[in-house]
Amino acid sequence: MAKITLPDKSVREVPDGTTVRQFAESIGKRLAKDAVIAEVDGQPVDLFFPLAGDRSVRIITRQMPESLDHLRHSCAHIMAQAVQRLYPGTRLAIGPPIEDGFYYDMDPERPFTPEDIEKIDAEMQKIVAQNFPFSRSELRRSEAIERMKAEKQTYKVEMLEEWTDETVSFYTQGEFTDLCRGPHVAATGAVPVVKVLRATGAYWRGDEKNRMLQRLYGTAWWSKEDLDLYVSRQEEAKKRDHRKLGKELDLFSVHDEIGSGLIHWHPRGSMIRHVIEEEWKKEHVKRGYLMVDTPHIASEEIYRISGHLEAYKDLMYGAMMIEERPFRVKPMNCPGHIMIYKSHLHSYRELPMRLAELGTVYRFEKSGVLHGLLRVRGFTIDDAHIFVSPQSVEKEIVDVFRFAVEWLAKFGFKDLSIYLSTRPEKSVGASEDWERTEHALRNALSSAGVKFEVDEGGGAFYGPKIDVKVRDSLGREWQCSTVQFDFNLPSSQRFDLSYVSEDGGRKQPYMVHRALMGSLERFFGVLIEHYGGAFPVWLAATQATVIPIADAHIGYAGQVAEGLRLRGFRVDVDARNERTGHKIREATLLKTPYMLVVGEKEVAAKQVAVRERSGKDLGVMNVDRFEQLLAEDIAARR
RNA sequence: GCUGGCGUAGCUCAGCCGGUAGAGCACCUCCUUGGUAAGGAGGAGGUCGUGGGUUCAAGUCCCAUCGCCAGCUCCA
């Protein structure tokens, strides 16, 4: 008899050789029906796995999210089977489940076309309808290699040769067999909803030196409703795509004639940027940061000293000769800030010295990686370099981290993922410095009471760091803030930074690079998607549009707008010869927070009729009252 | 950079098996002065990304190149 312990600690006895499926049936029909695979002593197994001896069993049902991985893994096999039927001789690589779906990398005779994808999809549906059971077989690894060689499955051979297992397993459904650890769903018919999405290229083992394979992506779900939900989530993301909204809301553009990855901020986008920049400066000055500005080009000399010319050259643009001296466009702001620091002798009393700049840099990015505002070639870092003594480094880092959290919260980013990266094997700097600064970073995080992940050895060679990612309204993560120590640039081999300590001697300060947003371009892109284009009042390019009903009301509309503008609000007038409905529609599409309709009644009463972009009618009110409304929104960052 | 797809009016897109370019919106003019998501009429606007080639004839087919998109690789 097999003695089976269930997750609730209850124990059941069944005859040896009882399969997982039979075991599930012995518990209940529903459970047997919903069972996808099981875990026996923590190992995932198929439903046909025979039980014997003392075992702990956990049956994974469709209701458990992890069951989707197994469903999708099985779908990858079905996809491979379909491809083998349609394009015999296609060599198979790997086919794992991923978030929201699965893929299979393969090496067909020619790349897949959109028509191929339709055919593959249709063939997969056929295989599902044929309801082949998945079965498992085992071979000695050497035999498996022979078999894969015979079938010319060179990628499988390569993998098998690297493994060290004695035996390996294969799974068969119908005429198709694939090397696989399993487990799988019971049969191809157990797949309720599967769809092939697209084909793209992918390097074998993710290495660009290797051959490029074709990756077929697919998705699979337990129900049509789940698929629909997934599709509508994709559609929502598409609707919020910052490139699309950027055009629709007239925020920014890029131009072939000027170059890709170079952003042009239109008046409406630029207005938002200015609001962010003003707020940024205000908050920095409040915290004792000193504003600086540094040039966009610099002699190569400086990058030779900083080491960028060597370590960073792939990302730097080529030299331009100015009076026979090579210059470069700046890829970093730090050398300039360091030169400002170095232009005086500093006392320990002046530290921490915090130099801040919205510094625009240019980096060469391969054409294929450029992406709207999120990955560009020219961008503005909300940069600061802090020169700090070892004594005050702890407090300073606590303050910097708190600053970052408070800043991101202004934009509604409350759900942060935080990563601490520590000393890698190859690194510069004294152990004492690494220990002290890693401790400072760790302490800043724990004193803020936040959860964080530690990436041991994941720091840069020149110092440990904290990275902060924000989660947007669609649940996607974006890298924003970073706090990074640098033991390299202040060192005597580089810029040889110092300050005069209490005892009159020279000491080397710690240097911290930090950014709250990362780059204004990327942050703006993230904001567009986060807000879906509907910027809160404090950021909105236009906070209110005054809409005169007829020409007779234009004068009054102008007075209302001017009055609000004088008090610092961003208000315009839509005086075009269009009907009210038309103007409301357009202001709504531009996601202007408020529309102030003025007609005969409002002119007479010196009032405005307020409408929100949501369509909600707030009724008629005095301009003073509306102004108060705006002020409340701005204070609450609505 | 690599693989595949796509580049037609300012924008969104039609344009069949090659026969000489079309819609809606936007723009301009006129009419209309209209109370909460598109009032009406007319007009202007394109060497079909660029450069070659095939052909009697190329937006359409072929090659190259640039750009964009989906990924891979890489990153603020």
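Side-chain atoms are counted along with the backbone in the values below, which use heavy atoms only and exclude waters and symmetry mates. Per chain, numbering begins at 1; letters A, B, ... match sequence-line order.
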Check: Taking CD from A/Glu118 and C1' from B/G4, how many angstroms apart are they, rounded to a whole number?
Finding: 16 Å
Next item on the list: Using the C1' atom on both, measure B/G53 against B/G45 and round to a whole Å.
Entry: 31 Å
Item checked: Counterpart base for B/G4, defined by Watson-Crick or G-U wobble contacts under 3.5 Å -> B/C69
Note to self: For B/G34, give the paired nucleotide (Watson-Crick: N1-N3 plus N6-O4 or O6-N4; G-U: N1-O2 and O6-N3; both under 3.5 Å), or none.
What the structure shows: none
Check: Taking atom C1' in both B/A23 and B/C48, what distance in whole Å separates the two?
Finding: 16 Å
Next item on the list: Identify, with sequence neighbours excluded, every residue that meets salt bridge (charged side-chain N to carboxylate O under 4.0 Å, His left out) alongside A/Asp107.
Entry: A/Arg91, A/Arg211
Checklist line | Rounded distance in Å between the P positions of B/C16 and B/G7 | finding: 12 Å
Check: Quick one: CZ on A/Arg611 to OG1 on A/Thr588, what's the gap to the nearest 0.5 Å?
Finding: 5.0 Å
Pick out the pairs of N or O atoms, protein on one side and nucleotides 9-14 of chain B on the other, that lie under 3.5 Å.
from  : atom 1 : to       : atom 2 : distance (Å)
B/U12 : OP1    : A/Lys247 : NZ     : 3.0

Note to self: Roughly how many Å apart are B/G19 and B/A58, using the P atom of each and rounding to a whole number?
What the structure shows: 11 Å
Notebook entry, point to check: With under 30° as parallel and over 60° as perpendicular, where do the rings of A/Tyr289 and A/His284 fit, or are they tilted in between?
Noted result: perpendicular
Notebook entry, point to check: When you check every protein heavy atom under 4.0 Å of nucleotides 34-52 of chain B, what one-letter string (B, S, -) results, 5' to 3'?
Noted result: BBBBBB-------------
Item checked: Per-nucleotide protein contact string for nucleotides 62-76 of chain B (B base, S sugar-phosphate only, - none; heavy atom under 4.0 Å) -> -----SSSBBBBBBB
Check: Rounded to whole angstroms, how far apart are OH on A/Tyr103 and C1' on B/U3?
Finding: 15 Å
Note to self: Suppose we define a pair by two distances each less than 3.5 Å, Watson-Crick or G-U wobble; what does B/A58 pair with here?
What the structure shows: none
Check: For B/A23, which nucleotide in any strand shown is its Watson-Crick or wobble partner with both distances under 3.5 Å?
Finding: B/U12
Next item on the list: Using the C1' atoms only, state how far B/C68 lies from B/U8, rounded to an integer number of Å.
Entry: 15 Å
Next item on the list: Kindly give the heavy-atom pair with the smallest separation between A/Pro335 and A/Ser306, and that separation in Å.
Entry: CG-CB, 4.3 Å
Checklist line | Watson-Crick/G-U partner (both atom distances under 3.5 Å) of B/G46 | finding: none
Next item on the list: First locate atom CG of A/Leu251, then atom CG of A/Leu373, and finally report the distance between them rounded to the nearest 0.5 Å.
Entry: 8.5 Å
Margin query: What's the gap between B/G49 and B/A9 when it is taken at their P atoms, as a whole Å value?
Written below: 8 Å
Note to self: Restricting to side-chain contact (heavy atoms from CB on, under 4.5 Å), what partner residues turn up for A/Asp121, sequence neighbours left out?
What the structure shows: A/Gln125, A/Lys195, A/Val196
Item checked: For A/Thr360 against A/Lys330, the heavy-atom pair lying closest together -> O-CE, 3.1 Å
Item checked: Side-chain H-bond candidate by donor/acceptor type, A/His513 with A/Gln484, under 3.5 Å -> no
Checklist line | Spacing between A/Glu248 atom CD and B/A26 atom C1', to the nearest angstrom | finding: 14 Å
Next item on the list: Give, for atom CG of A/Leu420 and atom CG of A/Asp455, the distance between the pair rounded to the nearest 0.5 Å.
Entry: 8.5 Å
Note to self: Is a donor from one side chain sitting under 3.5 angstrom from an acceptor on the other, for A/Asp100 and A/Thr219?
What the structure shows: no
Notebook entry, point to check: Under the rule syn = chi within 90° of 0, otherwise anti, which is B/C72?
Noted result: anti
Next item on the list: For B/U60 and B/U55, measure between their C1' atoms and round to the nearest Å.
Entry: 13 Å
Margin query: Any strand counts, and the cut-off is 3.5 Å on both contacts for Watson-Crick or G-U wobble. Which nucleotide pairs with B/A41?
Written below: B/U29
Checklist line | Partner residues of A/Gln153 under the side-chain hydrogen bond (donor to acceptor under 3.5 Å, both in side chains) criterion, sequence neighbours left out | finding: none
Notebook entry, point to check: What distance, rounded to whole Å, do you find between the two C1' atoms, one in B/G24 and one in B/C62?
Noted result: 34 Å
Check: What integer distance in Å separates A/Asp107:CG from B/G4:P?
Finding: 12 Å
Next item on the list: Measure from the ring center of A/Tyr103 to the ring center of A/Tyr217 and say whether it is less than 6.0 Å.
Entry: yes
Checklist line | Flag for A/Thr592-A/Thr542: side-chain donor and acceptor within less than 3.5 Å | finding: no
